[in-house]
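One-based numbering, in listed order, for ligands and for the atoms of each.
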Amino acid sequence: MTKKDFSEIKELLQSSSKKIVLIPHKNPDGDAMGSSLALYKFLTNNNHKATVLAPTSYPKFLHWLPNNNKVVVFNKRNQQTIQILKDAEILFFMDFNDLNRIEDMKEYIDESDAVKIMIDHHQQPSDFADYTFVDPKVCAASQMTYHFLENLDVANEIDYDIATCLYTGILTDTGSFRFSTTTSTTHRIVADLIDKGAVNHKIHNNVLDGNTMSRMKLMGVALNNLIVMPESKTAFITMSRKELKENNFEKGDTEGFVNMALSVEGVSVAALFTEDLDHDFVKISLRSKGVFSVNQLSRDNFNGGGHINAAGGKVDDSLQNVVELFKKVVSENKEDIIKSEL
Ligand code: 5GP
Ligand code: MN
């Protein structure tokens with residue numbers, strides 16, 4: 001985005017109080033909620049009427065975030081939540097780049113004449129926003145939000161809540177500052193967020209500890225189901241509906257399981273297949289190390305996308321068929337996967 005774009009946005013935000021809606025992607029994660037709630041706080045501090053409108057609910061381990069109690073979950077049967085969208089003068093799209101990622105809310109966006117601003121870090125953004133602030137090299141939408149505030153010359157307005165939310169987003173999307181997207185700039189920003197009030201050890205504690213017994217049991221099931229395909233440096237885990245139900249699955253419980261598969265010695269590509277509890281589809285989480293793009297793998301085969309090393313998708317088929325499809329696709333890509341980390 002150009003300097004001119006930023007001065008236009010600045011003018012828009014400074015001219016008068018606006019009705020603003022911030023939208024994270026469905027099943028929002030720490031980065032989607034962190035970036036949305038950070039910008040929410042900045043905008044309300046500046047006398048705008050802002051609402052974070054989430055397409056679906058999200059895991060309990062994010063409910064401690066500052067202003068979480070102000071988040072509204074969209075429901076197409078609830079006229080009030082539809083009205084919030086219809087009334088919006090500015091829409092922010094946080095941590096996603098395709099309207100398919102917000103489910104039922106999509107149709108209202110198409111109709112809306114609000115100014116649309118995307119703040120994201122995924123590859124290949126769709127062209128639906130008036131302003132697209134995207135850098136796929138950046139580790140998190142929360143880091144992009146920091147840069148967004150920098151470009152508006154208001155980084156000095158980052159308060160305790162904003163710093164806490166942005167820190168959380170960067171922490172969760174970098175796997176605690178370990179993925180290759182974590183740069184020296186990321187660390188400088190995180191240092192600044194600590195200076196501005198983020199209490200790092202408390203945030204780590206809030207996000208990463210507090211495992212319930214049912215999650216620990218599910219982890220046991222996941223590890224038991226782990227399958228390694230050494231010839232193609234790939235590992236995967238399946239979680240059936242039955243296994244999830246038997247272990248009192250709650251949203252967010254399987255977060256990070258795919259990384260256990262990726263941590264196996266010699267593995268460069270990992271997948272987690274989760275059968276949906278209510279519908280006949282399978283959610284797929286993909287991770288890779290090195291240059292092999294699971295974003296491309298997901299776009300080509302699993303109706304999804306994401307980043308080079310972390311992507312997801314969804315297939316309307318049985319768990320067994322999706323696993324078979326995955327094995328076939330992996331075999332076809334074997335050479336590239338083997339070369340990925342060399
Ligand atoms: P996760 O495996 O944690 O659900 O998702 C990893 C990354 O893949 C997310 O940051 C998101 O960018 C992307 N992703 C996950 N699911 C989907 C999907 O269904 N469609 C697209 N386009 N991207 C997804
Ligand atoms: Mn993100």
With a 4.0 Å cut-off on N to O distance, would you call [X] and [Y] a salt bridge?
| X | Y | value |
| --- | --- | --- |
| Lys41 | Asp161 | yes |
| Lys26 | Glu103 | yes |
| Asp98 | Lys106 | no |
| Asp153 | Lys10 | yes |
| Lys328 | Glu324 | no |
| Arg188 | Asp192 | no |
| Lys339 | Glu335 | no |

Atom 3 (O) of ligand 1 - nearest protein heavy atom and its distance
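Minimum-distance protein heavy atom for atom 3 (O) of ligand 1 reads Arg287 NH2, 3.0 Å.
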What is the closest protein heavy atom to atom 19 (O) of ligand 1, and at what distance does it sit?
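Among all protein heavy atoms, the one nearest atom 19 (O) of ligand 1 is Gly313 CA, 3.8 Å.
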Side chain, backbone, both or neither: which part of His307 has a heavy atom under 4.0 Å from ligand 1?
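Answer for His307: side chain.
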What do we get for His25 next to ligand 1 when only non-hydrogen atoms under 4.0 Å count, side chain, backbone, both or neither?
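For His25, no heavy atom sits under 4.0 Å from ligand 1.
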Regarding Asp31 and Gln143, do their side chains bring together a donor and an acceptor under 3.5 Å, going by distance alone?
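Gln143 and Asp31 do not have a side-chain donor-acceptor pair below 3.5 Å.
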Give the atom numbers and elements of ligand 1 that come within less than 4.0 Å of a heavy atom of [X].
| X | answer |
| --- | --- |
| Gly305 | 8 (O), 13 (C), 14 (N), 20 (N), 21 (C), 22 (N), 23 (N), 24 (C) |
| Lys283 | 4 (O), 15 (C), 16 (N) |
| Ser285 | 1 (P), 2 (O), 4 (O) |

Below 2.8 Å, any N, O or S contact between [X] and the Mn ion (ligand 2)?
| X | answer |
| --- | --- |
| Asp173 | yes |
| Asp120 | no |
| His122 | no |

Could you please compute the angle at the Mn ion (ligand 2) from OD2 of Asp31 to OD1 of Asp95, rounded to 10°?
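Between OD1 of Asp95 and OD2 of Asp31, the angle at the Mn ion (ligand 2) is about 90°.
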Looking at ligand 1, does any of its N/O atoms fall within less than 3.5 Å of an N/O of [X]?
| X | answer |
| --- | --- |
| Leu286 | no |
| His122 | yes |
| Gly312 | yes |

Plane angle bin for Phe128 and Phe96 - parallel if under 30°, tilted between 30 and 60°, otherwise perpendicular:
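Answer is parallel, since the angle falls under 30°.
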Looking at CE of Met94 and OG1 of Thr145, how far apart are the two atoms once the value is rounded to the nearest 0.5 Å?
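Those atoms lie 3.5 Å apart.
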From Gly304, Ala311, Gly306 - option closest to atom 5 (O) of ligand 1 by heavy atom:
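Nearest heavy atom to atom 5 (O) of ligand 1 lies in Ala311.
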With the threshold set at under 4.0 angstrom, would you say Arg101 reaches ligand 1 through any of its heavy atoms?
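The answer is yes: ligand 1 sits under 4.0 Å from a heavy atom of Arg101.
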